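Scroll down for the structure; my scribbles are underneath it.
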Amino acid sequence: MLSYWERETFFTNVDVCIVGAGLVGLSAALHLKQKESALNIIVVERASLPHGATSRNAGFACFGSVSEILEDIRNSDEQTVLSLIEKRWKGLQLLKKNIGEENLGIEYFGGNEIFLETEKEVFEKCSDEINTLNKNLKAIIGSEKIFSNADEKIAEFGLNKVEHLIHNDFEAQINTGKMMKTLLQKVQQIGVQILFGLKIENIVDEENKAVLQTNDFNFAAKKVLICTNGFAQQLLPNIDVKPARAQVLITKPIKNLKIKGTFHYQNGFYYFRNVGNRVLFGGGRNLAFEEETTSEIALTDLIQQQLDKILKEIILPKNDYKIDMRWSGIMGVSNEKLPITKWLNSSMAVALRCNGMGVALGSQTGMDGSNLILESGI
Ligand SMILES: Cc1cc2nc3c(=O)[nH]c(=O)nc-3n(C[C@H](O)[C@H](O)[C@H](O)COP(=O)(O)OP(=O)(O)OC[C@H]3O[C@@H](n4cnc5c(N)ncnc54)[C@H](O)[C@@H]3O)c2cc1C
């Protein structure tokens with residue numbers, strides 16, 4: 001139940017309500033308020049902190065490993081995949097512009113895709129395509145030396161059982177926490193209200209407005225932008241985006257850590273990186289696709305045990321280490337790799353589905369969502 005003061009101060013004359021304070025929702029709010037400073041914009045977030053994918057991710061500033069790109073080309077066509085990579089690359093530049101390199105804590109250590117002795121065939125296919133890919137990506141990235149065979153780095157990184165390594169000079173890593181803190185501050189500083197702990201249960205399209213229902217009270221906004229990503233089907237059962245849980249762990253600081261940069265393994269189903277002198281490692285969703293198609297933030301023994309095994313046998317075979325934390329987050333995925341930004345009715349639009357590459361796609365997806373609202377002439 002709201003008081004008169006609460007209703008009048010926070011929920012009256014709302015022009016735009018953005019649901020979800022992840023990278024997409026906050027980027028939309030930033031752009032919208034920068035373009036139309038008079039708009040009364042609120043962002044509502046169900047949890048005490050943004051609690052989906054953005055603040056729980058691995059912080060890879062990536063645009064695709066060779067095996068992922070080739071798999072995507074097999075599933076669609078080369079031109080579509082190149083334009084997707086271009087979106088990711090441009091999205092990363094937009095993220096840097098919005099947040100600033102220092103606030104992102106960006107580190108240009110490069111990326112690496114590793115192949116075990118059992119993955120000779122996949123490696124050879126990838127290696128054969130490096131030159132063609134580099135040529136095709138030159139116009140996007142601005143260099144022809146993007147991917148290269150770099151087996152000599154395997155020993156440098158202290159990896160075990162790894163036979164081949166493809167290096168990507170243009171992949172980087174960010175500090176996800178710093179990114180979110182900066183973005184939250186920027187959005188609030190320009191006058192957008194962010195209300196935490198407010199879960200939207202239902203949204204009803206009425207004449208010239210949408211009514212947002214919570215378990216306690218209702219309020220209206222002229223336009224609503226839904227940026228709830230992996231949770232979207234809770235509000236919109238027919239939308240083509242499914243939840244996909246991703247589980248990760250991080251070690252305590254490790255003496256003489258050799259791992260530096262970002263690493264992809266098994267078509268991107270596993271990923272690890274250094275965070276200072278710690279290792280962050282995640283993946284394994286392919287072990288239990290059905291069970292991991294969930295919006296429940298939780299851990300499972302099956303996946304955590306597999307992460308432990310790979311960490312010990314392949315990533316840190318010679319180091320003493322302890323696990324500091326384990327957590328999971330929820331992505332929004334579909335076979336369709338492009339995000340969705342569109343109107344659902346006269347008052348409600350969506351901007352979501354960055355799949356596993358929201359660091360690259362999130363800022364532009366938010367901006368595209370905010371452009372829909374601006375074009376509506378609000
Ligand atoms: C473990 C993990 C590792 C990842 N690693 C990487 C990586 O290294 N690089 C990369 O590019 N991408 C990575 N991703 C994916 C990336 O984080 C996402 O694509 C991106 O953050 C999506 O941003 P978003 O704003 O769309 O969604 P989210 O960040 O999920 O934001 C949606 C928000 O909506 C809120 N919400 C949901 N329902 C409601 C409701 N009814 N009412 C109010 N609020 C609601 C949620 O609490 C959430 O905060 C990773 C994801 C995970 C989970």
Side-chain angles (χ1 to χ4, degrees), residues 17-29 42-65 88 91-92 95 111 171-176 179-180 183-184 194-203 212-215 224-236 241 243-250 262-264 268 270-273 275 280-285 292 295 297 299 303 307 326-334 337 339-341 350-366 369:
C17 175
I18 295 172
V19 187
L23 179 58
V24 173
L26 293 176
S27 302
I42 62 173
V43 178
V44 293
E45 166 57 47
R46 67 187 180 125
S48 53
L49 284 171
H51 198 58
T54 311
S55 53
R56 314 179 70 75
N57 72 26
F60 283 41
C62 55
F63 50 88
S65 65
R88 291 170 179 162
L92 287 169
L95 177 74
E171 193 162 300
Q173 57 196 62
I174 62 161
N175 180 319
T176 293
M179 172 188 78
M180 275 309 262
L183 191 52
L184 284 163
I194 307 179
L195 301 173
F196 288 99
L198 195 58
K199 183 175 180 196
I200 302 303
E201 304 282 352
N202 192 25
I203 307 174
L212 295 104
Q213 302 173 342
T214 74
N215 65 1
V224 174
L225 184 64
I226 302 175
C227 304
T228 54
N229 195 35
F231 306 86
Q233 285 190 340
Q234 294 174 1
L235 288 169
L236 311 163
V241 54
R245 183 166 59 200
Q247 303 186 31
V248 298
L249 59 76
I250 192 164
T262 49
F263 294 76
H264 306 257
Y270 294 93
Y271 41 91
F272 57 97
R273 60 169 280 192
V275 178
L280 185 157
F281 178 36
R285 208 162 58 80
E292 297 305 300
S295 55
I297 294 190
L299 302 171
I303 289 181
L307 293 181
R326 301 173 192 264
W327 69 89
S328 67
I330 309 298
M331 302 182 288
V333 304
S334 151
K337 292 282 168 105
I340 323 176
T341 46
V350 289
L352 39 82
R353 197 179 67 189
C354 290
N355 286 286
M357 281 204 204
V359 172
L361 292 171
S363 309
Q364 185 64 49
T365 305

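As the structure lists them, so they are numbered: ligands from 1, and atoms in each ligand from 1. What you see is a predicted model; the values in this text were computed from it and never measured.
At a 3.5 angstrom cut-off on N or O pairs, R56 does not count as close to ligand 1. Residue F60 has at least one N or O atom closer than 3.5 Å to an N or O atom of ligand 1. Here's the thing with Q247: none of its N/O atoms is less than 3.5 angstrom from an N/O atom of ligand 1. The shortest N or O to N or O distance between N229 and ligand 1 is under 3.5 Å. Looking at G25 next to ligand 1, no N or O pair under 3.5 Å apart turns up. Looking at V248 next to ligand 1, no N or O pair under 3.5 Å apart turns up. At least one N or O atom of G358 sits closer than 3.5 Å to an N or O atom of ligand 1.
Contact between G356 and M331 at its shortest, heavy atoms only, is CA-SD, 3.8 Å.
Between the side chains of T262 and E171, a donor-acceptor pair is found at a separation under 3.5 Å. For the residue pair E292 / Q247, a side-chain donor-acceptor distance below 3.5 Å is found, with atom types taken as modelled. In summary, the side chains of Q234 and T228 do not present any donor paired with an acceptor at a separation below 3.5 Å, with no hydrogens or angles considered.
The protein atom (non-hydrogen) at minimum distance from atom 30 (O) of ligand 1 is A53 N, 2.9 Å.
Checked options F272, Y271, Y270, F60; the residue passing with F263 is F272 (criterion: ring-ring contact (aromatic ring centres under 6.0 Å, His included)).
At a 4.0 Å cut-off, not a single heavy atom of Q234 sits close enough to ligand 1 to count as contact. Under the 4.0 angstrom criterion for non-hydrogen atoms, N355 is in contact with ligand 1.
No part of L352 comes within 4.0 Å of ligand 1, judged by heavy-atom distances. The part of F231 lying near ligand 1 is the side chain, judged by heavy-atom distances below 4.0 Å. Of the heavy atoms in V19, only side-chain atoms (C-beta onward) come closer than 4.0 Å to ligand 1. Only the backbone of C227 comes within 4.0 Å of ligand 1, counting heavy atoms alone; no side-chain atom from C-beta on gets that close. Using a 4.0 Å cut-off between heavy atoms, L198 contacts ligand 1 through its backbone alone, with no side-chain atom that close.
Annotation: side chain of E45 is not in contact with side chain of L195 (no heavy-atom distance under 4.5 Å).
Within the listing of ligand 1, atoms 19 (O) sit less than 4.0 angstrom from a heavy atom of C354.
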